[in-house]
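Notes follow once the structure below has been shown.
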Amino acid sequence: MQNSKIIAPGVYWLGADDRRLSLFENLFPLEDGVAYNTYAVMGEKTALIDTVDSAVTQQYLENLEGVLDGRSPDYLIVNHMEPDHCSLVAELMRRYPDMHAVGTAKVPALVRQFYGDDISPRFLPVKDGDALDLGGRTLHFATAPMVHWPEVMFTYDDKAKALFSADAFGSFGAHHSGIFDGDWGTGETVEQEMRRYYTNIVGKYGPQVLAALRKASALEIEFICPLHGPVWRNHIPWLLEKYTAWAGYTPEKRGALVVYGSMYGNTGSAASRIAMELAARSAGEVRLYDVSKTHKSYLVAEAFRLSHIVLAAPTYNAGIYPPVREFVEDLGTLGLKGRTAAIIENGSWAPMSGKLLREMAGALPGWTVLEPALTLRGAECGEAELEAFLSIVAGSINEQ
């Protein structure tokens with residue numbers, strides 16, 4: 001059943017939703033599926049903007065045939081070659097023998113790598129600042145390497161003032177009542193899923209995102225059309241503000257993310273008490289998570305959002321309790337900068353997790369590790385040591 005939508009005169013959404021997918025990239029939990037967005041821009045000539053994941057091929061082809069209404073597309077713009085957006089590139093080239101593909105010079109090699117097809121005889125390479133006249137409207141191209149693959153570019157339609165932004169400005173989640181941000185709202189759930197998508201998928205590439213944002217700031221934009229999530233038209237300044245903060249690794253809130261691992265409940269009990277005490281001391285927003293039960297993608301998003309991170313871990317095989325260690329490793333992989341960490345260690349006879357966590361957190365770019373750490377011995381915790389620890393952490397949060 002055809003399900004295309006008009007974004008602006010001559011600009012159509014041709015996407016589809018996959019509510020059955022439970023893990024994005026087979027890694028990240030999806031509470032409400034995912035939207036695959038793709039578009040058509042029509043002047044005297046027609047350009048398709050990206051394709052979809054193979055899981056939603058039938059829906060996309062029905063939408064495409066309905067919008068084309070017998071026309072043959074002239075161009076396929078390939079902004080991004082990740083398989084959830086390019087699975088039909090080779091198929092469309094076969095279906096429409098007069099159509100040309102357009103993208104950065106890296107695209108043909110990636111098509112061959114994934115699908116074994118050589119599109120180079122009908123491929124038009126473009127570079128930063130190039131344009132394509134569709135007759136009555138012009139598409140302008142801006143390269144955006146490593147946002148978040150090397151071949152990525154943005155496409156701007158000067159008539160609709162629409163920016164087709166590849167994976168930038170995307171979000172987890174499927175469409176419900178409509179495709180626009182006003183239909184999704186900017187409530188807490190939408191913001192959380194957009195943040196979780198950015199921080200885990202694109203978060204490593206903050207400097208490249210800021211470079212792309214500088215290019216976008218020179219444009220008059222009425223629509224931002226990403227490859228996942230809502231099409232933005234009502235809250236674009238808010239969206240750009242969020243992206244600027246995330247790409248610059250700037251905390252959104254003063255407060256503490258308390259992340260703990262606990263084998264028998266003792267470290268968890270201490271972390272819970274510390275979270276409540278910090279909240280009672282007005283130390284900003286305080287969020288408490290058991291790293292063994294909460295998927296790391298949610299914790300990463302919270303780490304980007306909050307200014308301080310309290311890490312609580314038992315000693316395990318003379319090392320760090322593995323889920324806590326893996327969480328800190330993820331923060332390092334994603335390049336999160338400029339946070340303040342406090343350490344809680346537990347060890348019944350030879351506590352080592354605190355020393356190792358200090359080393360890990362201290363090696364992250366721009367991080368500050370508060371001293372001293374708090375040491376637990378099983379369920380034992382000295383009240384004077386606890387009070388000193390709380391004073392140091394609350395004081396640091398309240399200084400910011």
Side-chain angles (χ1 to χ4, degrees), residues 23 27-29 31 196 200 255-281 283-303 305-306 308-334 336 339-364 367 369-394 396-397:
L23 290 175
L27 283 173
F28 306 109
E31 297 179 6
R196 188 165 69 95
N200 288 276
L257 166 65
V258 182
V259 175
Y260 71 90
S262 192
M263 289 181 284
Y264 302 110
N266 296 311
T267 308
S269 293
S272 179
R273 180 177 175 185
I274 285 162
M276 288 189 288
E277 291 283 357
L278 288 173
R281 297 171 192 228
E285 182 178 343
V286 180
R287 303 289 292 174
L288 175 69
Y289 293 95
D290 180 346
V291 71
S292 298
K293 294 184 178 180
T294 303
H295 192 270
K296 286 182 292 182
S297 64
Y298 295 93
L299 304 180
V300 165
E302 291 285 69
R305 191 172 69 87
L306 294 169
H308 287 62
I309 301 173
V310 179
L311 300 166
T315 299
Y316 194 86
N317 286 334
I320 304 167
Y321 189 59
V324 178
R325 185 196 69 237
E326 291 163 7
F327 168 59
V328 180
E329 288 172 346
D330 273 6
L331 296 181
T333 298
L334 292 167
L336 180 60
R339 294 300 183 269
T340 300
I343 309 297
I344 304 168
E345 66 174 352
N346 199 340
S348 300
W349 61 88
M352 287 293 295
S353 57
K355 174 180 179 293
L356 298 173
L357 279 172
R358 283 190 200 93
E359 292 172 356
M360 288 186 72
L364 297 179
W367 280 53
V369 179
L370 299 176
E371 295 289 357
L374 178 64
T375 298
L376 311 177
R377 296 282 186 168
E380 285 186 352
C381 177
E383 287 297 319
E385 290 80 2
L386 174 61
E387 177 58 34
F389 180 82
L390 287 167
S391 295
I392 290 168
V393 177
S396 176
I397 295 171

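The structure presented is a predicted model; accordingly, all values stated were derived computationally and were not measured. The basis for the numbers below is simple: all heavy atoms, side chains too, and nothing from hydrogens, waters or symmetry mates.
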For [X], side chain to side chain donor-acceptor pair (under 3.5 Å) partners two or more places apart:
{"X": "Ser262", "result": "none"}
{"X": "Arg358", "result": "Glu371"}
{"X": "Ser396", "result": "His308"}

First locate atom [atom1] of [X], then atom [atom2] of [Y], and finally report the distance between them rounded to the nearest 0.5 Å.
{"X": "Glu385", "Y": "Leu390", "atom1": "CD", "atom2": "CG", "answer": "12.0 Å"}
{"X": "Asn200", "Y": "Arg196", "atom1": "CG", "atom2": "CZ", "answer": "7.0 Å"}
{"X": "Leu27", "Y": "Lys296", "atom1": "CG", "atom2": "NZ", "answer": "9.0 Å"}
{"X": "Glu380", "Y": "Thr375", "atom1": "CD", "atom2": "OG1", "answer": "12.5 Å"}
{"X": "Ile344", "Y": "Thr267", "atom1": "CD1", "atom2": "OG1", "answer": "8.5 Å"}
{"X": "Ile343", "Y": "Leu311", "atom1": "CD1", "atom2": "CG", "answer": "4.5 Å"}

Under the ring-ring contact (aromatic ring centres under 6.0 Å, His included) test, residues paired with Tyr321 that sit two or more places apart: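 If we apply the ring-ring contact (aromatic ring centres under 6.0 Å, His included) test to Tyr321, skipping adjacent residues, the hits are Tyr316.
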Applying side chain to side chain contact (heavy atoms under 4.5 Å, CB included), can you list everything that pairs with [X], at least two apart in sequence or on another chain?
{"X": "Ala283", "value": "Leu278, Ala394, Ile397"}
{"X": "Ala342", "value": "Val310, Leu370, Phe389, Val393"}
{"X": "Ser391", "value": "Arg281, Glu387"}
{"X": "Thr294", "value": "Tyr289, Tyr298, Leu299"}

Salt bridge (Lys or Arg N to Asp or Glu O under 4.0 Å) against Glu359, all qualifying residues, sequence neighbours excluded: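 Testing Glu359 for salt bridge (Lys or Arg N to Asp or Glu O under 4.0 Å), a comparison that skips the adjacent residues, returns Lys355.
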Qualifying residues under salt bridge (Lys or Arg N to Asp or Glu O under 4.0 Å), relative to Glu302, sequence neighbours excluded: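 Checked Glu302 against salt bridge (Lys or Arg N to Asp or Glu O under 4.0 Å); matches are Arg287, Arg305.
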Validation row: Asn266, Leu376 side chains within 4.5 angstrom (heavy atoms):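 No, every pair of side-chain atoms sits at 4.5 Å or beyond.
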Side chain to side chain, Leu364 and Leu336, heavy atoms closer than 4.5 Å: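 Contact flag for Leu364/Leu336 side chains = no.
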Counting N and O atoms only, with roles assigned by atom type, does the side chain of [X] sit under 3.5 Å from a partner on the main chain of [Y], one being a donor and the other an acceptor?
{"X": "Asn346", "Y": "Ala313", "value": "no"}
{"X": "Arg339", "Y": "Ile309", "value": "no"}
{"X": "Trp367", "Y": "Met360", "value": "no"}

[X] to [Y] - nearest heavy-atom pair and separation:
{"X": "Thr315", "Y": "Pro351", "result": "OG1-CA, 3.4 Å"}
{"X": "Cys381", "Y": "Leu386", "result": "SG-CB, 3.9 Å"}
{"X": "Glu345", "Y": "Gly354", "result": "OE1-N, 2.8 Å"}
{"X": "Ala361", "Y": "Val369", "result": "CB-CG2, 3.9 Å"}
{"X": "Phe28", "Y": "Ser297", "result": "CD2-CB, 3.6 Å"}
{"X": "Ile320", "Y": "Ser353", "result": "CG1-O, 4.0 Å"}

Side-chain donor-acceptor pairs of residues 269-277 under 3.5 Å, sequence neighbours excluded:
from   : atom 1 : to     : atom 2 : distance (Å)
Ser269 : OG     : Gly265 : O      : 2.9
Arg273 : NH1    : Glu383 : OE2    : 3.1
Arg273 : NH2    : Glu383 : OE1    : 3.1

Salt bridge (charged side-chain N to carboxylate O under 4.0 Å, His left out) partners of residues 312-325, not counting sequence neighbours, each pair once: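 Every pair satisfying salt bridge (charged side-chain N to carboxylate O under 4.0 Å, His left out) with a residue in residues 312-325: Arg325-Glu329.
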